[in-house]
Amino acid sequence: MPQKSKNPLTAMTAGCIAGAVEATCVWPMEYIKTQLQLQSKAAGSKPRGLAPTLVGSVPKAGIRFGGNSLIKESLRDKNGDLSPAKNFVAGLGAGVSEALIVVAPVETVKTKVIELNMPFVTGLKHIVKTEGISGIYKGAFATALKQGSNQGLRFMWFNEYKRRMTSNGETNLTPLLSFLGGMSAGCFSTLGNNPFDVIKTRLQGSKGSHYTGTLDCLKKILKNEGFLALYAGVVPRLGRVVPGQGIIFMSFESIQRTLESSFSIFKP
């Protein structure tokens with residue numbers, strides 16, 4: 001049987017709540033990953049960047065899951081089915097949307113307050129003062145590449161996993177199965193697009209002016225540091241993304257079912 005259509009509003013609301021839960025749970029590994037990618041040698045500095053991460057996590061996840069649901073509904077065939085390729089396109093579109101609306105400015109501020117060891121508001125003022133408003137959109141193209149490929153791979157994997165585990169929608173995923181599916185999707189997407197994440201982080205760091213753009217950054221990393229530098233921070237990123245995606249997909253599936261069963265506005 002084909003997958004049932006979903007209400008994009010339900011997906012957006014459930015995504016907002018799940019995003020806040022996930023960001024809070026996995027923040028320590030995100031901080032370590034960013035430090036490694038920036039090649040920071042600062043010792044004893046206070047952990048920074050949680051505030052902008054939390055500020056961005058709620059709308060980011062809402063746009064991601066809501067956008068993915070909206071695009072999926074427009075791509076279904078006459079039988080209501082979606083191929084893995086269409087699931088990738090839906091995830092890609094959702095990822096690019098969240099990148100340009102939320103992720104690029106939030107990630108820029110987060111990266112710089114971590115590197116410069118500044119509080120959120122102080123770091124934001126520093127960026128605007130030294131670089132102007134455009135400074136918070138450094139690395140936007142690289143961010144769109146990273147988020148688009150990230151969510152395309154992630155949703156393609158998870159939706160195929162969900163289809164197989166639920167006999168094409170005949171049953172619901174248990175919380176444990178949702179958690180395992182999210183973890184496997186996180187692992188798959190991280191290994192597939194870590195180079196984009198490294199490039200994005202370099203461009204958004206305080207030394208981002210050393211690069212003229214995404215391609216220049218890639219060339220300089222390969223020339224000066226070698227291919228393996230594109231996988232800097234991959235271990236802590238896996239440590240953050242794998243459980244984080246388990247948490248967010250498990251939370252999303254449970255919250256979505258609760259909203260659908262409890263409020264008429266969220267019914268399919």
Side-chain angles (χ1 to χ4, degrees), residues 1-25 54-77 80-103 106 147-166 168-175 177-186 188-189 241 244-268:
M1 62 178 290
Q3 295 277 347
K4 295 179 180 178
S5 296
K6 294 290 184 180
N7 182 347
L9 177 62
T10 310
M12 182 177 69
T13 305
C16 286
I17 301 170
V21 173
E22 181 260 352
T24 303
C25 290
L54 287 174
V55 168
S57 291
V58 172
K60 177 177 74 172
I63 292 169
R64 180 193 311 162
F65 283 97
N68 178 254
S69 178
L70 187 65
I71 298 171
K72 278 169 61 178
E73 294 310 310
S74 68
L75 293 177
R76 292 186 186 277
D77 62 23
D81 293 324
L82 288 163
S83 66
K86 288 184 176 180
N87 275 316
F88 177 81
V89 171
L92 178 70
V96 170
S97 298
E98 70 170 334
L100 297 179
I101 297 171
V102 178
V103 180
V106 169
Q147 290 299 118
S149 60
N150 213 15
Q151 303 311 330
L153 294 170
R154 196 168 290 169
F155 278 109
M156 179 180 69
W157 179 284
F158 185 81
N159 284 312
E160 185 63 19
Y161 168 90
K162 183 178 180 180
R163 184 184 69 79
R164 292 173 181 271
M165 298 303 294
T166 63
N168 206 24
E170 292 185 3
T171 60
N172 289 323
L173 281 176
T174 64
L177 287 176
S178 296
F179 182 72
L180 294 175
M183 288 181 69
S184 62
F188 178 67
S189 63
V241 170
Q245 291 309 301
I247 291 168
I248 198 169
F249 275 106
M250 177 181 69
S251 301
F252 174 80
E253 291 289 323
S254 299
I255 294 167
Q256 181 174 242
R257 286 197 295 270
T258 300
L259 291 174
E260 289 175 342
S261 63
S262 302
F263 304 97
S264 59
I265 191 174
F266 293 123
K267 294 188 180 300

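Contacts of F188 classified as ring-ring contact (aromatic ring centres under 6.0 Å, His included), with partners at least two apart in sequence or in another chain: W157. Contacts of S251 classified as side-chain contact (heavy atoms from CB on, under 4.5 Å), with partners at least two apart in sequence or in another chain: A18, V21, I247, I255. Under the side-chain contact (heavy atoms from CB on, under 4.5 Å) criterion, T10 pairs with N7, Q256, L259, E260, F266, sequence neighbours left out. When the side-chain contact (heavy atoms from CB on, under 4.5 Å) test is applied to P59, the partners found at least two apart in sequence or on another chain are V102.
Considering every non-hydrogen atom in both I71 and A94, the closest pair reads CD1-N, 3.8 Å. Across all their heavy atoms, S189 and G186 have their closest contact at OG-O, 3.1 Å. Shown here for A61 and G19, the closest heavy-atom pair between the two residues is CB-CA, 3.6 Å.
Remark: K267 NZ to L9 CG distance equals 13.5 Å, nearest 0.5 Å. To the nearest 0.5 Å, atom OG of residue S149 and atom CZ of residue R154 are 9.5 Å apart. Between the CG atom in L92 and the CG atom in L153 there is a gap of 9.0 Å [rounded to 0.5 Å]. The structure places CD of Q151 at 11.5 Å from CD1 of I63, a figure rounded to the nearest 0.5 Å. With rounding to the nearest 0.5 Å, the separation of CG in N68 from CD in E73 is 9.5 Å. Residue E253 holds its CD atom at 11.0 Å from OG1 of T258, rounded to the nearest 0.5 Å.
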### Message
Determine whether V106 and K60 satisfy the following criterion, side chain to side chain contact (heavy atoms under 4.5 Å, CB included), listing intermediate values before the conclusion.
### Response
CA-CA 10 Å; V106 169; K60 177 177 74 172; over 6 Å; no
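Checked by atom type and distance alone, the side chain of S69 never pairs as donor or acceptor with a backbone atom of G66 at under 3.5 Å. In terms of modelled atom types and a separation under 3.5 Å, the side chain of Y161 and the main chain of L177 share a donor-acceptor contact.
The aromatic rings of F65 and F155 sit perpendicular, their planes meeting at an angle over 60°, well past the 30° parallel limit.
None of F249, F252, F179 except one satisfies the ring pair (Phe, Tyr, Trp, His ring centres under 6.0 Å) rule with F158; the exception is F249. In summary, of the residues considered (L173, T171, N172), a side-chain contact (heavy atoms from CB on, under 4.5 Å) with M165 occurs for L173 alone.
Annotation: salt bridge (Lys or Arg N to Asp or Glu O under 4.0 Å) contacts involving residues 88-101, sequence neighbours excluded, comprise R64-E98.
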N/O donor-acceptor pairs under 3.5 Å from side chains in residues 84-91, not counting sequence neighbours:
residue, atom, partner, partner atom, Å
K86, NZ, L75, O, 3.0
N87, OD1, N159, ND2, 3.3

